[in-house]
Amino acid sequence: MAKDTIFRVSYILAVVFLSINSIACSSQDDDRKVYIVYMGSLPTETSEIYSPTSHHLSLLQDVVGDERSASVSIVRSYKRSFNGFAAKLTKQEAEKLAKKDGVLSVFPSQTYHVQTTKSWDYIGLPNTVKRNPTVEGNTIIGVLDSGVYPNSESFSDKGFGPPPSKWKGSCNGGTNFACNNKLIGARYYVSTEDTAVDASGHGTHTASTAAGNAVEGASFFGLANGTARGAVPSSRIAIYRVCDSQDICAGAGILAAFDDAIADGVDIITLSLGGRRPTSFDVDSIAIGSFHAMSNGILVTQSAGNSGPNLQTVASVAPWVLTVAANTIDRKFISKLELNDRTVLTGIAVNSFPSSPSNSALVFGDQVAKSCNEGSARLCFARCLDMQKVSGKILICQNGDRSVATAAAVFNASGVILMQDFPDTAFVFPLPAVALDNTAFEKLMSYYNSTRNPQGRILKGETVPDSAAPVTASFSSRGPNAVTPDIMKPDVSAPGVDILAAYPPDVPPTKEGGDDRRVKFNVISGTSMSCPHVAGAAAYVKTFHPDWSPSAIKSALMTTASKIRDITTEGDPSGFEFSYGSGQINPIKAADPGLVYEITKDDYVNLLCSLGINIRRIDGNSTCPKGAKNITEAELNYPSLIFKAPVSKPFKLVLSRTVTNVGPPNSTYKAKAVSASNVNITVVPEILSFKSIHEKKSFTVEISGSGLKSGTLLSEEVLWSDGIHSVRSPIIVLPN
Ligand SMILES: *[C@@H]1O[C@H](CO)[C@@H](O)[C@H](O)[C@H]1NC(C)=O
Ligand SMILES: *[C@@H]1O[C@H](CO)[C@@H](O)[C@H](O)[C@H]1NC(C)=O
Ligand SMILES: *[C@@H]1O[C@H](CO)[C@@H](O)[C@H](O)[C@H]1NC(C)=O
Ligand SMILES: *[C@@H]1O[C@H](CO)[C@@H](O)[C@H](O)[C@H]1NC(C)=O
Ligand SMILES: *[C@@H]1O[C@H](CO)[C@@H](O)[C@H](O)[C@H]1NC(C)=O
Ligand SMILES: *[C@@H]1O[C@H](CO)[C@@H](O)[C@H](O)[C@H]1NC(C)=O
Ligand SMILES: *[C@@H]1O[C@H](CO)[C@@H](O)[C@H](O)[C@H]1NC(C)=O
C-alpha cells in the first residue's frame, strides 16, 4: 500500500516536474523548434576527405552566428546512410538554411506516437515449423520503439553464438543496458533519458513478438498461459529507442535511427509507431528513412494506426513500406458480472483479480455525481464524479473510456462496469472490471432500475475460444490512402488484439496510476502488436530467400494472405480491403509464393517524379529518369489494384502488372477472375507459362461494367494458380 502511495506521489511529482521543465525550456529557446535539414546521399568516395559533422556545423554557423550556438542547437546528425542533421532553429533560420548549397529540404520534426503467444499458432506458424536455423541466426531485426527491458527471458542469449559477421552496429544502450548475443545492438534517440532501457513497456512487447525466444509458462496471472515466442526465435535483435517513457517519438530521432540501422546491417526494420494523420512523404521521417532502407534492400514494416473504424485514417501510406492492420485471434478474454438475482452477464476484460467473495453495491455514475448533468455523470467523465463515494462499490459507466478505472482503483472501488460499442478488444484494468456490449448493458440497466438496492460481484476472468476470428479490430486504421489514393493501404493484417508478450517488470501493466502489480508478460492490443508479427514473418521468409528484394518479400506476404471479415458496419462487405488490405498473413505460404510482383527503386523514383514530387527531398541521389513514361499510382506494379470508375456510366478500365516466377522453373499459371458483383473482369493472357526462375511475364486486367452507384465500392480479385500456388491480388473498384 505504502508503495502504491509512493508510486502515485512520484508520478504526480514527475508530471509537475516535466511541465515546469518544459515551461523553462520554452522561455529559453523562444521560437525555436526542431527542424530536419535533409541533405540526401553522402558523397561517394572522393579524393578529399569529407566530414559530415564539420559540414553540418559550418552550415549551421552561417545562419545562427557563431560556433557555440551552432553546436548547442544541433540535435541529431545523419552521416552513416544518408546526409543531414536536425537542429533547433527559428523559422527564419530554417528558411535561410533551405537556400544553402547541398541542403535539399528543411522541415519540422514531427511528433509520432506508438500506436501477443498463441497468435503464431493461430496464423499457422507453429513452433515446430520447418526452419533454416543457420540463416535465421544470421537474420537481424531492427526495432525502432521505446527500447526493451534487456533482462527479459525473451531476450536471453542462451544457446546463441556471436553476432553474424555482417553486423556493423554496436551496443550503445546507455545506463543499465547490457547487450548479449541475442540483443546484439542498442542505441537511443530520446532527449530525456540516457538509456535504451524500456520505460514504457511498448518496445519490450513488440520486440519479443517479432523475435523473442520461446518462453514456457508465460501468462498474465495465469490467464492465457502458454509459450510466448516470436516468429523467428533464433534471430538477433537490434534496439533503436526512439520513443520516451510517455510513448512520444520525435521525427528527428527516428530519422537518426534509420541512418544507424541501415549502416549497422539489419535485415528488417519494424516500427510500431506513426503520425496521427498521413502526411506528404517529403516531410515524413518514416517515409524518408524507409525509402533509404528499401534502397539498401531492407523491408520496413509499420503499424497502420489505431484511429479506426473511420475511413481514411491510415497514417502509414508510403508504397515502399509494408503497412499492417490488426485483427482478432481465436481467443478472447471474458469477464463475468453476477447480479444479486443470480443473472450472469458476460463481458470482456483481461481480469486477473480473484472472484469477489461477496456482492457490492452497484452505482451508476449519476448516483455519485459532483457537478455535471445526469448524462455526463453516467458517462463517468472524471470531472463529474465524486470518487470518494465509490469506495467499496462497483461503478457503472455508460462509456468505454478506460481512464475512469484508474481513479476508481485509487479510490478503492470494488469494480468498474463499462459499455464498449465494439466489444472486440479486452483491456487490462487496475481493478476488477467488465466491459459489456450494448445488449448486456441494457440488461444490467433493467435490473438496476428494477431494484432499490442493486448489487453484484465480478468473477475472475477467463479465456474462451472465439469462433468469429479473424475479424479486423475496430480500432485498426482504415484506408483509403489519403496521400496516394490509388495505392491500397493498409497492405496486410495480423493478430493485434489481446496479445500476450514480454513486459518490463518495473512498469505497471496499466500505466495511468493506481496499479501496483508487476508482470513479466502483459496483454496489449493495437496495430503496434500486429506490426511485429509481420516483421517476424518477413524475417522468416527472408531466411529462405536471403537475396529477395523488399518488394518481393512484401508481395509474398500480400499474395498469400487470406481475406478476413470486418463487422464494424453491417451489410454489404464490399470495400473492406480498406480494413485489412490483402488479408491476414500466412508466413509458411509466403515462404513459397510462386510468383511475386516486384517494384524496384527506379520504379518508385519514376512514380514520385510522375506525381510531381521533388525526388531529391526523398532520395537526394536520385534524378528523374529522362524520357521515361509517366505512370499513375494505379500503374505501379503493386500486388493489389485500385480502379476508379465513373458513376452511372458504362466503363472499361485496364491496368497491367508484371509477375516474376520464384517457384519451379517450369510452371504454368492460369488466371481466375470471377466477379463478385455485376462487372466483367478479363485477364489477358489467361495463361502464363514460365521456363525459368526469375522470368517475368506481364498481363492486363480489364474491368468493364456500368451503373456504378455513387458511394458504392466493389471488391474483386485476380488470382493466378498453378495448382499448387495461389497468387491473389485484391481489387477495389472506386466510384470516381
Ligand atoms: C501453465 O501451464 C503449465 C502447463 O500446462 C502448468 O504447469 C502451469 O502451472 C500453468 N501456470 C499457470 C500460472 O497457470
Ligand atoms: C484505499 O484503501 C486503503 C487500504 O484500506 C487505504 O489506505 C486508502 O486510504 C484508501 N484510499 C482512498 C482514496 O480512500
Ligand atoms: C433505467 O432508468 C433510467 C431512468 O432512471 C432510464 O433512462 C433508462 O432507460 C432505464 N433503463 C432500462 C433498461 O430500463
Ligand atoms: C511527367 O509528370 C511530371 C509531373 O507531373 C511532369 O512535369 C512531366 O512533364 C511529365 N512528363 C511527361 C513525359 O509527360
Ligand atoms: C548515386 O547514384 C549513382 C548513379 O546511380 C551511383 O553511381 C552512386 O554510387 C550513388 N551514390 C550514392 C551515395 O548512393
Ligand atoms: C521444362 O519443360 C520442358 C518441356 O516440357 C522440358 O523439355 C524441360 O526439360 C523442362 N525443364 C525443367 C527444368 O524441368
Ligand atoms: C459482360 O460480358 C458479357 C459477354 O461479353 C456481356 O454480355 C455483358 O453485357 C457484360 N456485362 C457487363 C456488366 O458489362
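Order of listing sets the numbers, starting from 1, for every ligand and every atom in it.
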Legend entry - Atoms of ligand 4 close to Gly612 [distance to a heavy atom under 4.0 angstrom, numbered from 1]: 4 (C)
Inset, instruction - Identify, by atom number and element, the atoms of ligand 4 in contact range of Cys609, meaning under 4.0 Å from any of its heavy atoms. - result: 3 (C), 4 (C)
Inset, instruction - Answer with yes or no whether the side chains of Tyr38 and Asp282 bring together a donor and an acceptor at under 3.5 Å. - result: no
Inset, instruction - State whether any protein heavy atom lies less than 4.0 Å from atom 9 (O) of ligand 4. - result: no
Inset, instruction - Starting from atom 5 (O) of ligand 4, find the nearest protein heavy-atom neighbour and note its residue, name and distance. - result: Ser610 O, 3.2 Å
Legend entry - Parallel, tilted or perpendicular: rings of Phe82 and Tyr78 (30°, 60°): tilted
Inset, instruction - For residues Phe85 and Leu59, determine if any side-chain heavy atom of one lies less than 4.5 Å from a side-chain heavy atom of the other. - result: yes
Inset, instruction - Specify the protein heavy atom at minimum distance from atom 2 (O) of ligand 4: its residue, its atom name, and the distance to 0.1 Å. - result: Asn630 ND2, 2.3 Å
Inset, instruction - Nearest 0.5 Å please: distance from the OG atom of Ser549 over to the CD atom of Glu598. - result: 4.5 Å
Legend entry - Atoms of ligand 2 close to Phe411 [distance to a heavy atom under 4.0 angstrom, numbered from 1]: 13 (C)
Inset, instruction - Answer whether the closest heavy-atom distance between the side chains of Tyr447 and Leu362 falls below 4.5 Å. - result: yes
Inset, instruction - Using a strict 4.0 Å cut-off to heavy atoms of Val410, name the atoms of ligand 2 that fall inside it. - result: 11 (N), 12 (C), 13 (C)
Legend entry - Asn412-Ser391 side chain donor-acceptor pair, cut-off 3.5 Å: no
